[in-house]
Amino acid sequence: MPDSLQTAIQEAVDTWNKCLAGGYANLQFIYTDNINPDIQTEIPFLSSIVDADVYYTQSLHRYLFNSNNYQTYDAVIKINATEDWYIGISDYDVAKKNLSYAAKRAIALSMGFGSSIIKNNRGNIVFGGKRGHSITDHLIFNSNGTYLSSINNSNQKASQAITNFVTSNTGSLYIKQQDSAHGLYAPSTFDENKSLRYLTNANSIMYYDDSQILSPNIDNVTIEILKSIGWSIDLPDNVEIVGENIDSTGVTSAYTSHRFYLSPDNSNITSRQWEFRIALNNGLYQTISTANSQDFTISAIQDASNYKHTIDGCLLGEILFTGSINDETVNLKYQLTLRLRP
């Protein structure tokens, strides 16, 4: 796989790393020709050690139970080598598919986002496990209050009840709660790549229409759903670093100063320590400035020659914060992309 693609994938992995506590998955990325869709996720499922009729993606099973006999990889993510991927992270080329964005969505699926429902080799719509339901299946229901997990699954047999449910014939579908933010994509013709795996929420990274990229960041609804199936968030009280007048991409000019602060911020946050650092050509980071103040301002870059430049001609920076909330240590990271062009 070309280095440029590996960089885009690593950006996706790093984004998930800063959101979730602990190792989320042991993933294998394969660069292969002529696949449709252009990125595919193959995920093994395992039964719960508590209830054999409830199953989990291998990554979540490992995270929760840490038992034996796992496959080498928690998921295999295949990437179409013939697709002309956009691999930058500072802008989006709407004429191309964005690899980092696609990889973030694939990683979410590997962690258990979306239903286990599949179309088998005979073209029948069935549950992904031989019996029972996935932990996420238990969160999915229709507008009439019927849960997907109430439909019997015996040896992955197809049934009209399954087909009617997943194609919205029995009502619109939701995951976890019934509102527009939690609506599941369930068209009248089953889409084996998207039905019940993605949301109708255009503000989510898991929005079904992957041609519309509103934000590359992991949204709160996606995090909330993953928390509901067992993942833990590594951000106590949901505190985050905010860049003043910097949008959610973290992209801004290298030639001006920038202020950063915490949101929400209150007197319970103590022992504050800020650090600004920039990536070097050798893969390490150089600390540029530090502070122990309530907020943090970094100066404009005067000389960019000593730092690593991305394929977009940008510098990769990080704003790090360490502190304490109610005697609990907080470690936050803000990914910053500094444009060198006007």
Peer 1: With sequence neighbours excluded, what pairs up with S47 under the side chain to side chain donor-acceptor pair (under 3.5 Å) test?
Peer 2: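 For S47 there are no side chain to side chain donor-acceptor pair (under 3.5 Å) partners, ignoring immediate neighbours.
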
Peer 1: Could you measure the distance from the CZ atom of R339 to the CD1 atom of I301? Nearest 0.5 Å is fine.
Peer 2: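 R339 atom CZ to I301 atom CD1 measures 15.5 Å (nearest 0.5 Å).
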
Peer 1: Do you know the tightest heavy-atom contact between N281 and K308?
Peer 2: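 Residues N281 and K308, closest heavy atoms: OD1-CA, 3.2 Å.
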
Peer 1: Quick check: do N203 and D219 have side-chain heavy atoms less than 4.5 Å from each other?
Peer 2: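 No. Closest side-chain heavy atoms not under 4.5 Å.
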
Peer 1: Keeping the roles fixed (side chain from D179, backbone from A181), state whether a donor-acceptor pair exists under 3.5 Å.
Peer 2: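 The answer is yes, because a donor-acceptor pair under 3.5 Å joins these two groups.
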
Peer 1: Donor-acceptor check, side chain of S172 to backbone of S143, threshold 3.5 angstrom: yes or no?
Peer 2: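 Absent.
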
Peer 1: So, do F276 and T287 sit near enough that their side-chain heavy atoms are less than 4.5 Å apart?
Peer 2: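 Of all side-chain heavy-atom pairs linking T287 with F276, none is under 4.5 Å.
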
Peer 1: Going by side chain to side chain donor-acceptor pair (under 3.5 Å), name the residues that satisfy it together with H133, two or more places apart in sequence or in a different chain.
Peer 2: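 Scan of H133 (side chain to side chain donor-acceptor pair (under 3.5 Å), adjacent residues dropped) gives none.
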
Peer 1: Does I30 share a hydrophobic cluster with L109, counting links as ILVMFWY side-chain heavy atoms below 4.5 Å and allowing steps through other members?
Peer 2: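 The answer is no; the residues belong to distinct hydrophobic clusters.
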
Peer 1: What's the spacing between L320 CG and Y285 OH if we round to 0.5 Å?
Peer 2: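 If we round to the nearest 0.5 Å, L320:CG and Y285:OH are 9.0 Å apart.
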
Peer 1: Would you be so kind as to tabulate the donor-acceptor pairs closer than 3.5 Å made by side chains of residues 111-120, with sequence neighbours excluded?
Peer 2:
from : atom 1 : to   : atom 2 : distance (Å)
S115 : OG     : I117 : N      : 3.0
S115 : OG     : D137 : OD1    : 2.9
S116 : OG     : Y55  : OH     : 3.1
S116 : OG     : G128 : N      : 3.4
S116 : OG     : D137 : OD2    : 2.7
N120 : OD1    : R122 : N      : 3.0
N120 : OD1    : G123 : N      : 3.1
N120 : OD1    : N124 : N      : 2.8

Peer 1: Can you name the nearest heavy-atom pair linking G230 to L64, along with the distance?
Peer 2: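 Minimum heavy-atom contact is O-CD2, 3.6 Å.
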
Peer 1: Please give me the minimum heavy-atom distance between H309 and A304, naming the atom from each residue.
Peer 2: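 Shortest heavy-atom separation between H309 and A304 comes out as NE2-O, 3.0 Å.
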
Peer 1: Does the pair I79 and I9 meet the rule for a side-chain contact (heavy atoms from CB on, under 4.5 Å), with working shown?
Peer 2: CA-CA 10 Å; I79 299 167; I9 290 170; 3.4 Å; yes

Peer 1: With ring centroids as reference points, do F65 and Y56 lie under 6.0 angstrom apart?
Peer 2: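 Aromatic pair counts; centres sit under 6.0 Å.
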
Peer 1: Examine I223 and V221 and state if one hydrophobic cluster contains both, with Ile, Leu, Val, Met, Phe, Trp and Tyr joined whenever side-chain heavy atoms are less than 4.5 Å apart.
Peer 2: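 Yes: a chain of side-chain contacts under 4.5 Å links I223 to V221.
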
Peer 1: For F165, which residues count as a ring pair (Phe, Tyr, Trp, His ring centres under 6.0 Å) partner, sequence neighbours excluded?
Peer 2: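 F165 satisfies ring pair (Phe, Tyr, Trp, His ring centres under 6.0 Å) with no other residue.
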
Peer 1: Taking all non-hydrogen atoms of both residues, which atom of V126 and which atom of Q156 are closest, and how far apart?
Peer 2: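 Here V126 and Q156 meet closest at CG1-O, 3.1 Å.
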
Peer 1: Report the residues that fulfil ring pair (Phe, Tyr, Trp, His ring centres under 6.0 Å) with F296, sequence neighbours left out, ordered by chain and then residue number.
Peer 2: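 For F296 the ring pair (Phe, Tyr, Trp, His ring centres under 6.0 Å) partners, ignoring immediate neighbours, are W274.
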
Peer 1: Can you name the side chain to side chain contact (heavy atoms under 4.5 Å, CB included) partners of A161, sequence neighbours left out?
Peer 2: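 Here the qualifying residues are I151, S159.
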
Peer 1: Hey, does K97 have a side-chain heavy atom less than 4.5 Å from the side chain of D210?
Peer 2: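 No, side chains not in contact.
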
Peer 1: Would you say E240's side chain and S263's backbone share a donor-acceptor pair under 3.5 angstrom?
Peer 2: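 Not confirmed, E240 side chain does not pair with S263 backbone.
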
Peer 1: Any side-chain to backbone donor/acceptor pair from R105 onto I205? Under 3.5 Å, distance only.
Peer 2: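 Flag set: sc R105 to bb I205 pair under 3.5 Å.
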
Peer 1: Within the 3.5 Å criterion, strictly below it, is a donor on N80 or T82 matched to an acceptor on the partner's side chain?
Peer 2: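 Indeed, the side chains of N80 and T82 share at least one donor-acceptor pair under 3.5 Å.
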
Peer 1: Applying the side-chain hydrogen bond (donor to acceptor under 3.5 Å, both in side chains) test to T167, which of T170, N164, N169 qualifies?
Peer 2: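 Of T170, N164, N169, side-chain hydrogen bond (donor to acceptor under 3.5 Å, both in side chains) with T167 is met by N169 alone.
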
Peer 1: For F29, which residues count as a ring pair (Phe, Tyr, Trp, His ring centres under 6.0 Å) partner, sequence neighbours excluded?
Peer 2: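 With sequence neighbours excluded, F29 shows a ring pair (Phe, Tyr, Trp, His ring centres under 6.0 Å) to no residue whatsoever.
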
Peer 1: Please name all residues satisfying side chain to side chain contact (heavy atoms under 4.5 Å, CB included) with T57, sequence neighbours left out, ordered by chain then number.
Peer 2: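 For T57 the side chain to side chain contact (heavy atoms under 4.5 Å, CB included) partners, ignoring immediate neighbours, are I43, F45, S59, L60.
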
Peer 1: With side-chain contact (heavy atoms from CB on, under 4.5 Å) as the test, would you mind laying out the steps for L262 and I269 before giving the verdict?
Peer 2: CA-CA 10 Å; L262 300 180; I269 305 176; 3.7 Å; yes

Peer 1: Do the side chain of Q40 and the main chain of N36 share a donor and acceptor less than 3.5 angstrom apart?
Peer 2: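 Yes; judged by distance alone, with no hydrogens or angles, the pair exists.
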
Peer 1: Examine distances only and state if a side-chain atom of N155 and a backbone atom of K157 form a donor-acceptor pair shorter than 3.5 Å.
Peer 2: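 A pair under 3.5 Å: no.
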
Peer 1: Does one hydrophobic cluster hold both I319 and I288, with members joined at side-chain heavy-atom distances below 4.5 Å?
Peer 2: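 Yes, one cluster joins them.
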
Peer 1: Quick one: are E275 and E318 in side-chain contact, heavy atoms under 4.5 Å?
Peer 2: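 No, too far: nothing below the 4.5 Å cut-off.
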
Peer 1: When you look at D74 and S110, which way does the side-chain contact (heavy atoms from CB on, under 4.5 Å) test go after all the steps?
Peer 2: CA-CA 7 Å; D74 295 327; S110 78; over 6 Å; no

Peer 1: So which residues get pulled into Y147's cluster when ILVMFWY side chains under 4.5 Å apart are joined, directly or through others?
Peer 2: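 Members other than Y147 - counting any ILVMFWY side chain reachable under 4.5 Å - are F141, Y174.
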
Peer 1: For the residue pair N144 / T146, report whether a side-chain donor-acceptor contact shorter than 3.5 Å exists.
Peer 2: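 No, no side-chain donor-acceptor contact under 3.5 Å.
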
Peer 1: Is there side-chain contact between L46 and N69, with at least one heavy-atom pair below 4.5 Å?
Peer 2: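 A side-chain contact is absent here, since even the closest heavy-atom pair is not under 4.5 Å.
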
Peer 1: Might you confirm whether atom CG of N220 has over 12 heavy atoms from other residues, nucleotides or ligands at distances under 6.0 Å?
Peer 2: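 Check fails, neighbour count at 12 or below.
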
Peer 1: Excluding sequence neighbours, so at least two apart, what forms side chain to side chain contact (heavy atoms under 4.5 Å, CB included) with A81?
Peer 2: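 Partners of A81 by the side chain to side chain contact (heavy atoms under 4.5 Å, CB included) criterion, ordered by chain and then number, come out as Y31, D33.
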
Peer 1: Name all residues meeting the side chain to side chain donor-acceptor pair (under 3.5 Å) criterion together with E192; count only those two or more places apart in sequence or in a different chain, and write none if there are none.
Peer 2: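 Partners of E192 under the side chain to side chain donor-acceptor pair (under 3.5 Å) test: none.
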
Peer 1: Flag yes if V13 and W85 sit in one hydrophobic cluster, no otherwise; membership is Ile, Leu, Val, Met, Phe, Trp, Tyr, and two members link when side-chain heavy atoms are under 4.5 Å apart.
Peer 2: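 In one cluster with V13: W85, yes.
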
Peer 1: If we ignore hydrogens and angles and just use 3.5 Å, is the side chain of Y255 paired with the main-chain N or O of L340 as donor and acceptor?
Peer 2: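 Side chain of Y255 to backbone of L340, a donor-acceptor pair under 3.5 Å: yes, one is there.
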
Peer 1: Verify the cluster assignment for Y63 and V50: are they in a single hydrophobic cluster under the rule of side-chain heavy atoms below 4.5 Å apart?
Peer 2: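 Linked, Y63 and V50 end up in one cluster.
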
Peer 1: For H182 and K176, work out which heavy atoms get closest and say how close.
Peer 2: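 Scanning both residues, the minimum pair turns out to be CD2-CB, 4.3 Å.
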
Peer 1: Under the side chain to side chain donor-acceptor pair (under 3.5 Å) criterion, do S48 and D51 qualify, and how do the steps go?
Peer 2: CA-CA 5 Å; S48 166; D51 184 347; over 6 Å; no

Peer 1: Using modelled atom types and a 3.5 Å cut-off, is there a donor and acceptor pairing between side-chain atoms of N26 and backbone atoms of Y73?
Peer 2: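 No, the answer is negative, given that no donor and acceptor are paired below the 3.5 Å cut-off.
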
Peer 1: Hey, does L226 have a side-chain heavy atom less than 4.5 Å from the side chain of W16?
Peer 2: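 When only atoms from C-beta onward are counted, L226 and W16 do touch, with a gap below 4.5 Å.
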
Peer 1: So do Q286 and I278 actually touch side chain to side chain, heavy atoms under 4.5 Å?
Peer 2: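 Of all side-chain heavy-atom pairs linking Q286 with I278, none is under 4.5 Å.
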
Peer 1: Quick one: list whatever passes side chain to side chain contact (heavy atoms under 4.5 Å, CB included) with T252, sequence neighbours left out.
Peer 2: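 Side chain to side chain contact (heavy atoms under 4.5 Å, CB included) list for T252, sorted by chain: I246, H258, L336, L338.
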
Peer 1: Give the intermediate values and the outcome of side-chain contact (heavy atoms from CB on, under 4.5 Å) for residues I107 and I77.
Peer 2: CA-CA 8 Å; I107 292 171; I77 299 175; 4.2 Å; yes

Peer 1: Rounded to the nearest 0.5 Å, how far does OG of S150 lie from NE2 of H138?
Peer 2: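 Answer for the NE2-OG pair, H138 versus S150, is 10.5 Å.
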
Peer 1: Output yes when a side-chain donor or acceptor of K194 lies under 3.5 Å from a complementary backbone atom of Y208, and no otherwise.
Peer 2: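 Answer holds: yes.
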
Peer 1: For the residue pair G129 and N153, what are the closest heavy atoms and their distance?
Peer 2: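 For G129 versus N153, the nearest heavy atoms are O-ND2, 3.0 Å.
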
Peer 1: Kindly say whether A75 contributes a backbone atom to a donor-acceptor pair with the side chain of E42 at under 3.5 angstrom?
Peer 2: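 Here the side-chain-to-backbone pair does not exist.
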
